[in-house]
Protein chains: 2
Amino acid sequence: MGEITSKRQQQIIDAAIKVFSKKGYNGTTTKEIAKEAGVAEGTIFRYFRTKKDLLLSLVSPYVVRSLADTLEEFSGKDDETVFKAIIRNRLKIIRENLDLVRLLLAESQFHPELREQFVGKIVMQAASILESYISEKIKNGEFKDIEPGVAVRAFAGMTGIFVLWKEFLGGEKYIAFDEEKVIETVVDIYLNGVRKRPCGGSELE
Amino acid sequence: MGEITSKRQQQIIDAAIKVFSKKGYNGTTTKEIAKEAGVAEGTIFRYFRTKKDLLLSLVSPYVVRSLADTLEEFSGKDDETVFKAIIRNRLKIIRENLDLVRLLLAESQFHPELREQFVGKIVMQAASILESYISEKIKNGEFKDIEPGVAVRAFAGMTGIFVLWKEFLGGEKYIAFDEEKVIETVVDIYLNGVRKRPCGGSELE
DNA sequence: AATAAAAGTGAGTACTCACTCAATTTACTA
DNA sequence: TAGTAAATTGAGTGAGTACTCACTTTTATT
């Protein structure tokens, strides 16, 4: 649970993310992690008291920094540009940390401590960035008067399901989607749905 | 993998769903399943050759029937009614089978055979019902000319994320949503986003 | 009621795993 | 370079696990 300091610790953490995400926490042996990290099994226990400690250290502020990173400044840009940028940014970050995300989603089911850190530190923080943007628009009168929390999640859900489909369920074997087209469509649906009387604002015919 | 016939088999399957979903496949011992089912450990292996066999039998057509069940007939009803009914129906079914869904989502990551059955038999089938409805609307010219597969998933994502939030991530500790209001908002956003020039069709101000 | 077949049991078995620790290597200091 | 502390190693340990099988109980048949 402590901070990451040494190179060894980082090696072990990287290996753990990789193997845990492939085989699950309970399906992974400390021997495998050691092998993947290129250290002896005993070394793991010098840095992490137990296997579970190692799991929990994977959501340490350091490891997770990249997942919760802030978005660029958007002032002056139009909604469509902003929302497309948000999707692309989120997709990029998730893909760069695919193993970690996969792991956190799967193991959150079984480890309340992990779930709390995951939801509290990552999900909530990521949501709040978009939420403040949307709240602003609602106050301006540009967007309908809906609950910002609902609006954020609706958008996140529309986007997230395509990641789930492709990266988690292997859905491309069934239907594959062109990513740019999906982004275009999703943003169009969302903005037209969320704006007050858009009346012809849609780009799609 | 065979069909379910005896009462004992059903007992064991129900117990397995319950315990697997709480502790994960690898985190569950056959002893626990036996205890939960109220049978001796050996009895499990009379009906299922291995523990893995038991896992795979959980997506048998019989068990899964309820998850993939068809929706009522919608002809004549307006979109809003239809989409709200779909959400409510889906929510109900998922809640009735929460343990099974939780289990399938978590273990699909690690068992390709399970994932294939889950995606192929359940997800695809559920998607196709809605897809044909939306395709019709697109042909009619009521909805924009978007890819039906994208449209279905966008809707499913908007809905699904609230289930994920509440039932899987325990998100109510952070923000709780009024379900009816969410349904209203989601359907409103979606229909206005997906329809051709709705111009004032929105119910929300 | 007697017999056979089927269903159910749970202690035992062979094996695996998280974790330990005595021995060894590496890094550091004077 | 010798001496010491710190880091690393991996065989060993005990707790536990999936699965077996010799036995008991239940059910069906005559």
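Convention: sequence-line order gives letters A, B, ...; per-chain numbering from 1.
Looking at heavy atoms from C-beta onward, Phe155(A) lies in side-chain contact with Ile86(A) at the 4.5 angstrom threshold. Looking at Val152(B) and Tyr133(B), their side chains never come closer than 4.5 Å, going by heavy atoms from C-beta outward.
Stacking of Arg153(A) on the aromatic ring of Phe162(B) is not recorded, the 6.0 Å distance cut-off and the 45° axial limit not both being met.
Heavy atoms of other residues, nucleotides or ligands lying less than 6.0 angstrom from NZ of Lys121(B) number more than 12.
For Ser132(A), there are no side chain to side chain donor-acceptor pair (under 3.5 Å) partners two or more places apart in sequence or in a different chain.
Atom CD1 of Ile12(A) is separated from atom P of dA7(D) by 13 Å (rounded to the nearest Å).
For the atom pair Thr29(B) OG1 and Glu32(B) CD, the distance stands at 3.5 Å (nearest 0.5 Å).
Counting all heavy atoms, side chain and backbone alike, Ile138(A) lies closest to Ile146(A) at CD1-O, 3.2 Å.
No side-chain N or O of Asp188(A) forms a donor-acceptor pair with one of Thr185(A) less than 3.5 Å apart.
Using a 4.0 Å cutoff to heavy atoms of chain A, the contacted part of DNA chain C runs 5' to 3' from dC17(C) to dT20(C).
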Polar pairs (N or O, both sides) under 3.5 Å between protein and nucleotides 9-11 of chain D?
unit_1	atom_1	unit_2	atom_2	d
dT9(D)	OP2	Ala40(A)	N	2.7
dT9(D)	OP2	Thr43(A)	OG1	2.7

